[in-house]
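Working notes, structure below.
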Amino acid sequence: MAAAVTLDQLPKHQRARITGLLPSADFGNLDALVTVRLKELGFLPGAELTVVGFGLFGGDPVAVRIGTTKFALRLAEARKVAVIALAEAA
Amino acid sequence: MSTPLRVALVGIPNCGKTALFNRLTGSRAKVANYAGVTVEKRSGLLTTPAGPVAELLDLPGTYSLHVTSYDERVTRELLLGHQRGEAPPVAVLAVVDACNLRLGLRLVLELKALGRPLLVALNQIDLARQRGLQLDRAALEAALGLPVVETIAIRPDGAESLKVALGELLQHAPPAEVGPPLMLPPPAEVETRYHEVEALLAAAVRRPATLPAWQDRLDSLVLHPWAGPLLLLAVLFLMFQAVYAWSAPLMDGIDAGIAWLGAGIEGLLPDGPLKSLLVDGVIAGAGSVLVFLPQILILFAFILAFEDSGYLPRAAMLLDRPMRRFGLSGRAFIPLLSSFACAIPGILATRTIQNPRERLLTILLAPLMTCSARLPVYALLIGAFIPERSIGGVFNLQGLTLFALYLAGIGSSAVVAAIVQRSQRQRHDWPLLLELPGWRLPNPRQLLQGLIERARLFLARVGGVILAMMVLLWGLSSFPGPPPGATEAPIYYSVAGLLGRGLEWIFAPVGFNWQICIALVPGLAAREVAVGALGTVYALSGQDSEAALASVIAATWSLPTALALLAWYVYAPMCLPTLAVARRETNSWRWPLIMAGYLFGLAWIAAFVTYRVALWATT
């Protein structure tokens with residue numbers, strides 16, 4: 001069950017724990033900045049999140065909840081977040 | 001009175017800084033439920049019970065001092081004292097949303113590292129307690145090593161203890177230092193900061209707040225793959241229908257009141273310039289704009305309710321993907337939606353967009369969103385030329401026409417954006433990373449306050465710039481008098497008449513008569529002035545001045561002319577204040593000139609095509 005995936009692959013209502021932040025070519029020289037901002041917003045190794053919903057017709061972006069705070073991320077940003085899925089749905 | 005000591009209000013976006021600022025200083029700055037309402041600094045005075053007077057600075061919210069967008073940079077530069085001509089604050093009031101402690105406390109730790117005297121306000125503590133938070137304030141104070149005060153910004157007495165604490169802090173704060181600007185301490189590892197935050201929470205929080213389950217259920221619906229978009233469409237459609245359908249009785253009432261007033265004055269005064277000025281200039285001119293107050297208030301009631309509920313950022317998220325095709329992102333949604341009220345706050349709101357190119361494009365597109373000042377123009381023409389008929393028993397043809405005009409603006413902005421997008425190579429994406437705030441029921445008191453504020457602004461415009469333009473126009477339209485043996489109405493020979501006839505050669509191909517040309521000119525100061533100007537022009541043209549403007553133009557214009565004027569107003573850059581604010585925000589004349597040029601071109605082409613097609617279709 002505890003397969004290591006990235007946030008963009010999770011279905012709605014899935015709970016997961018963040019294991020790390022990955023570099024990505026999508027943001028070019030801004031990548032380090034995007035990583036720092038994600039961390040500042042609480043996307044840190046060990047944090048638990050739940051997928052809340054998706055954009056139009058179930059596509060990009062994805063909305064997640066960390067604790068009591070919700071964020072919308074594009075799938076490109078979500079691909080930077082390595083997670084392991086947690087067993088029970090929220 | 002001693003010189004006020006500067007205190008900066010700092011916190012993450014949407015934690016209630018402005019609500020607290022309003023509470024402390026008695027101001028009425030705009031508050032809403034999304035990140036980035038405040039994009040400029042704003043100050044107000046506050047006398048603390050202990051004596052010192054503070055100049056409180058309300059700054060744009062920021063998640064951190066290190067990674068910043070344009071509006072967040074304002075906050076950082078001012079805090080550090082890097083802004084030229086601005087004294088740095090002697091103390092900082094950090095606002096932390098008690099429902100969202102982690103993000104807030106992390107910023108507090110960054111602020112603490114700056115070394116300025118710091119006071120922490122735990123805002124929305126009542127809501128957090130309701131959601132199960134059990135927090136030991138004294139323990140948090142001890143663990144932080146900073147004074148911590150609980151506040152409820154939306155309650156009248158919710159900030160009294162904060163005033164006391166601020167007074168104490170200022171008494172011990174060093175006098176306004178004019179030292180060298182501070183350097184930003186090197187960013188600590190984000191993980192390290194969060195470990196400190198966890199330690200603080202472990203020391204002070206016995207039970208964390210949880211998000212009520214209905215919030216997740218509501219998000220499940222609003223962000224549902226199919227129900228979500230349908231809901232968004234329904235909500236927008238309802239808004240435009242309501243503007244038309246609900247305002248009619250109120251408008252009829254105001255109309256009747258104005259007609260009664262005009263007739264009364266007409267009976268009281270002897271014939272002459274004074275009577276003409278009052279009846280033809282003031283009442284026919286300003287009065288014909290005043291009628292639209294109910295429509296504008298209904299539009300604002302919807303916008304304010306959306307802003308307060310937390311729906312806007314969700315709508316921005318839903319629209320992110322379609323908007324990306326046009327070189328925009330969901331972040332451009334709120335500035336563009338604000339532009340439906342007025343392009344000026346819309347252009348200011350683009351400061352929350354991180355990508356500079358996207359920000360510029362959003363500024364250029366903002367005038368294509370139908371602002372509330374265009375509503376009187378549309379409403380007048382629709383009321384005069386589009387029959388009031390119901391379509392399919394549900395929709396009102398006039399409401400549908402209005403909706404179509406709004407769609408024309410939106411659709412054209414998509415086309416313009418797509419063209420700009422094609423001409424530029426997008427290098428890299430900027431992240432979206434949008435916070436979705438907690439849902440809440442719009443606060444009725446705040447909504448009412450917002451509406452009163454809008455009504456006040458509108459009436460001030462009618463009484464100020466619009467009235468002044470009307471009086472000026474009346475003067476230009478009345479003098480010089482007609483030559484002996486004149487066959488036309490006197491206005492035809494006046495200065496305004498000459499001007500209108502001079503402009504006619506540009507506008508004759510699109511079907512505008514010289515009366516319309518006259519009205520376009522004062523309309524540059526404010527769009528709704530055009531309606532007032534038509535009122536004055538026709539009152540002076542010897543038309544029956546008792547008749548409402550709508551029936552006069554219905555009798556004298558052809559349908560193609562009316563449709564062409566509607567098309568013209570979808571695009572026309574007929575608003576000098578918008579161009580001025582675009583100059584300020586882009587710091588150059590280039591962009592406002594490009595904006596005026598492309599909008600003028602589009603307006604003329606749209607009016608021409610509309611006129612010719614309508615002419616062909618009606619003959």
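In this text the structure is predicted, and so the values were computed from the model without any measurement. Quick note on labels: first sequence line is chain A, next is B, and so on, each numbered from 1.
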Crowding at CZ, A:R17 (>12 non-hydrogen neighbours, <6.0 Å): no
Kindly indicate whether the side chain of B:R193, heavy atoms from C-beta on, has any atom under 4.5 Å from the side chain of A:E40. no
To the nearest 0.5 Å, atom CG of A:L38 lies from atom CG of B:L433 at 5.0 Å
Distance col, row B:S220:OG vs A:K12:NZ, nearest 0.5 angstrom, shows 3.5 Å
If you tally heavy-atom pairs under 4.5 Å between each of B:L107, B:L103, B:D97 and chain A, the highest tally belongs to B:L103
Interface check, chain B: of A:P61, A:G53, A:G58, most non-hydrogen pairs under 4.5 Å belong to A:P61
- prompt: With distance as the sole test, does B:E191 use its side chain to make a donor-acceptor pair with the main-chain N or O of A:L44 at under 3.5 Å?
  reply: no
Rounding to 0.5 Å, atoms CG (B:D320) and CG (A:L56) come to a distance of 9.5 Å
Would you say CZ of B:R102 has more than 12 non-hydrogen atoms from neighbouring residues, nucleotides or ligands within 6.0 angstrom? no
Within the structure provided, determine whether A:F27 and B:P431 are in side-chain contact (heavy-atom separation under 4.5 Å). yes
By residue number, those in residues 68-76 of chain A with heavy atoms under 4.5 Å from heavy atoms of chain B are A:T68, A:T69, A:K70, A:F71, A:A72, A:L73, A:R74
So, the part of B:P208 with a heavy atom under 4.5 Å from chain A: the answer is neither
Honestly, the part of A:V62 sitting under 4.5 Å from a heavy atom of chain B is backbone
Margin query: Assess whether a salt bridge exists between A:D60 and B:R324, defined as any Lys/Arg side-chain N lying under 4.0 Å from an Asp/Glu carboxylate O.
Written below: yes
Heavy atoms of B:L318 and A:G55 approach each other most closely as CD2-C, 3.8 Å
Bottom line for A:F57: the part with an atom under 4.5 Å from chain B's heavy atoms is both
Given B:L434, B:N100, B:I12, the one with more heavy-atom pairs under 4.5 angstrom with chain A than any other is B:L434
- Any ion pair linking A:R65 and B:E435 (charged N to carboxylate O, less than 4.0 Å)? no
